[in-house]
Every structure is written in C-alpha cells, then in structure tokens.
Amino acid sequence: MHQNADNSSPVGEDIKDFTSAKGSPDSTPDNGGATPTHDRSIDGQPDREAGHNPSTNNDEYTYPEGGLGAWLTVFGAWCGLAGGLGLLNTVATLQNYVSTHQLAQYPESTVGWIFSIQAFIVFFCGIQIGPAFDAYGPRVLVFTGSVLLVVAMMLLGILSGVGSSLLVTPPLASVGHFFNRRRAFATGLAMTGPALGGVIFPLVFRAVYPALGYAWACRVLGFIILFLLIFANIFLRSRLPRSKPSVKDVLPDFTIYLDGDGALALCGAGLFFMELGLFIPLAYITSYCIANGVSNEFSYQILSILNAASVIGRGVPGLLADRVGRYNTNAVMLACCSLTNFVIWLPITLMKPAPSSSTIKGVMIFYAVAFGLFSGSNLSLIGPCIGQLCETKHYGRYFATVYVFTSIAALIGIPIAGQLVDVAGGRYWGLIVFTGASYMASAICMGIVRIIRVGKSAKAIF
C-alpha cells in the first residue's frame, strides 16, 4: 500500500526551489541553503524500507530545521496566533457574559450561534488565504489581519473573525517554510500562543469589566492583541518563491477524495468530528460551573486552567508526532479527549443526589487539566495530517476541499450543544455525551486512515 508522504503547512507550496535562507523572499530564488537529497520515491510514492518514517517529507531538498531566522519566525507565528486564535480560546468567558447580560433573554442555542459563526469564519476563510500566501507571502496578509482584528476589538465590530482568519494560515505556513522533519514540534510550539492567550485573556477580562464595563474590557484585550501583533508583523517571513495561485487552487476539488482507498475522505471525516467537539468545552465549561453552584470568580478562572494545560498539550504531542507519527499521535490524543468527557465530566453530571459545589469544583479542575493536555494537539496536527496524504504542491487545494466540511463543523458545534442543554432542561449531560462521541468518532477515523496506509502493525510509524 503506497502513500504520498508529505508534512505540509496549510498552503499549496511548490518546493522545487527555495529562496536564500539569508535572503529576502522577494529576491531571486535559489536553493536557499537547501541541500538536494536523493529522491527515494518511485512514481511519487515513498519506499517502505526498514526504518523509513512515512511521517517525514520525502522532498528532494532539506530544510533549515532551526537557526535564528527559523526560530524568530516561530516566535512571530506564536505572537500572531496568540492574537488571532487567543480570542477563540476565550469564548466561554465572553459567551457566559453576554448570555447573562446583554442577551439574557435568549436561549443558549441562540447565543451560541454568535461565537460559532466567528469560528466558522476563521477557518472557512483559510480556504482562500492559503493560495494568497503562496502569491504574496505573510506580510500583507498578517498586516491586514492585524488592522481588522484590532479595529474590531476597539469598535466592537464584526470583523474579528475575518481578521483572525488572516492570522492563522500565514503564521503556520511560514513555520512550514523552515521546518520539515521537526515541523510538528515547531508548529506545536507556535500553537502554544493561542493557549497562553486563552489563559491571559479571560483573567484580564474578568479583572477589568466590573470596573470599566464590557466595551472597555474588550478594548483592553485589543491593546494586548495589538502588542502581540506588532511582533508578528516584524518577524514573520517566508522562504519559498512566490507563485501565482490558480482558480483550481482556490476552489474545492472533490475529486481528490477519489484516491483509491478512501484515506483522505476518512481524514476529512475525522477532522470534521474533531472540530464538532473541539469548541464545546471551551464555550460551556464556565456556564456549567456557574449553573452548578461554583462561584463566578472560579468559574471564569477554570477556562484559564484548561488553556494553561493545553500549552503542554500543544508542544509535547508535536515532538512525539515527529518521532512516532502524526496519525499515531493524533488518534491517541483524540481518544483520550473522548475519555475525559465520558469518564470525568459525565459521571459528576449524572450523579444523584447532586454533588456539592466544592466536589464539582475539584472534579472540573481535574477535567480542565486532563482535557487541556489531550486537546492541545487538535489544531496543531491538522496541517501535518492532511499534508501527509498529498504532494506539497497540491496542498492548498487539498486543504481547501477538506475545510469546506470542517469549517461547517465549527459553525454548528456550539449551537447544537446549546440546544442539547435547552432540551435537557438546563442540564449538561447531553452536551457532554455529544462532545465525547464526536471525539471518539474522530479517533476512529484517524485510526482507520493509519490502518489503510501502513497496516495494523503497532510498530508502524505514520
């Protein structure tokens, strides 16, 4: 069974040439310090020799895999992602506030649409941003996203989703220009930015809004985001030569699912189910604690605990994925996310008589730490998993097609969860079962992809 083993960032890169590692991306491209290596593939398919890691790109060029420029790019990506995705990791704080203040008369399912639409825009717009990155590099896109996001925070406007979308794909893609063998680890480090943003933003919001109100609390977050995005605009750069995107690269191409073995379709299904459950705990953990008698102060802090744990969950799995395989790591992490919901959160919710608020507080701390650790890799391993099933030069098209469906999951997940709470009379057991089942379905899909491509051997690296 063969595969196109590639470990790509979220853009359609053409890796035949590189710009100089020390040069400007606008300069005439050369091999960029990339050393040609022997291409061991036959008909584009990698050899399955002993010790060959199919998780590693089989390009005919090597990547820097480090150095000052590479790590400064990772830092720039960290800052950009902290500003762009940090707000999504703060959704529980913002959703609970508006659902108990400005929108108190509306049910949870209705309020949930506000934040699910934001998540949908962030990921759906990435379909067009990837090819734009190929043509123009990160600077124009990141600067535009920075302006839109900061203006939206200051004016409480509706452009935050569009601005954030411009601050996701370009940072991750820039990291991919410098790392191949260590790409999952470098991407994981960059993705700790949103996790730390999810720690800081809720605490700042909670500390500021009693004195300044909701509007100025959002503006304070806007100033923090502005500070982070200054560094993102300074340090983010690309190495690969620019290429003009074609219509084929931008538009979804559903024929890619006809790959002969269904691996890509199952990968897309796995990412859909993962995205379906990903934001539900982030959106409802605060309101769950408040509804069960936990103090407001701690209920807002629990989200920061979850995001703090996910800092480790984003870095360590990336390091493991580069060694034992992207799909191996992802399937295990997804299964553990499911188990944390079924084994930790669900029993305390179904317990009768209802446990004391102090008991719920202790269990939810345990849940937040466990779920944060296991879910941290959810977004950081998406790029490597999709890219492993296609050639790098086709990645923009593959990513666009897969995310047509995956972004829909981000749109409907939170409202479905809110509807389940409403139907259950304010109880959260339906929401928890839905989240756990979504993660388990995702883990099963990723596991099947692994079996299709490398068989059932426990030692296979994929």
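Computation of the quantities below employed the complete heavy-atom set of this structure, encompassing side-chain atoms and omitting hydrogens, waters and symmetry-equivalent molecules. The chain is numbered in sequence order, starting from 1. If you're wondering where the values come from, they're calculated on a predicted model, not measured in any experiment.
Expressed to the nearest 0.5 Å, how far CZ of Arg453 lies from CG of Leu389 amounts to 5.0 Å. For the atom pair CG of Leu148 and CZ of Phe143, the computed distance is 10.0 Å after rounding to the nearest 0.5 Å. Distance check, rounded to the nearest 0.5 Å: CD1 of Ile448 to CG of Asp261 gives 12.0 Å. In this structure, CG on Leu320 lies 10.5 Å from CZ on Phe185, to the nearest 0.5 angstrom.
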Output side-chain donor-acceptor pairs under 3.5 Å for residues 281-288, partner residues at least two apart or in another chain, one line each.
| residue | atom | partner | partner atom | Å |
| --- | --- | --- | --- | --- |
| Tyr284 | OH | Gln95 | NE2 | 3.4 |
| Tyr284 | OH | Ile414 | O | 3.1 |
| Tyr284 | OH | Gly418 | N | 3.2 |
| Thr286 | OG1 | Ser299 | O | 3.0 |
| Ser287 | OG | Tyr284 | O | 3.1 |
| Ser287 | OG | Tyr428 | OH | 3.1 |
| Tyr288 | OH | Thr349 | OG1 | 3.0 |

Residues 75-90 side chain polar contacts: donor-acceptor under 3.5 Å, at least two apart:
| residue | atom | partner | partner atom | Å |
| --- | --- | --- | --- | --- |
| Trp78 | NE1 | Thr192 | OG1 | 3.0 |
| Asn89 | ND2 | Pro194 | O | 2.9 |
| Thr90 | OG1 | Gly86 | O | 2.8 |

Could you list the donor-acceptor pairs under 3.5 angstrom formed by side chains in residues 110-123, with sequence neighbours left out?
| residue | atom | partner | partner atom | Å |
| --- | --- | --- | --- | --- |
| Ser116 | OG | Gly112 | O | 3.2 |
| Ser116 | OG | Trp113 | O | 3.1 |
| Ser116 | OG | Leu411 | O | 2.9 |

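Residues Arg139 and Asn233 are not in side-chain contact: their nearest non-hydrogen atoms beyond the backbone lie 4.5 Å or more apart.
Under the ring pair (Phe, Tyr, Trp, His ring centres under 6.0 Å) criterion, Tyr214 pairs with Tyr97, Phe205, not counting sequence neighbours. Here Asn378 pairs with Tyr439 under the side chain to side chain donor-acceptor pair (under 3.5 Å) rule; sequence neighbours left out.
Taking a 6.0 Å sphere around CD1 of Ile290, one finds it holds more than 12 heavy atoms contributed by other residues, nucleotides or ligands.
The side-chain hydrogen bond (donor to acceptor under 3.5 Å, both in side chains) contacts involving residues 308-321 comprise nothing, where partners must be two or more places apart or lie in separate chains.
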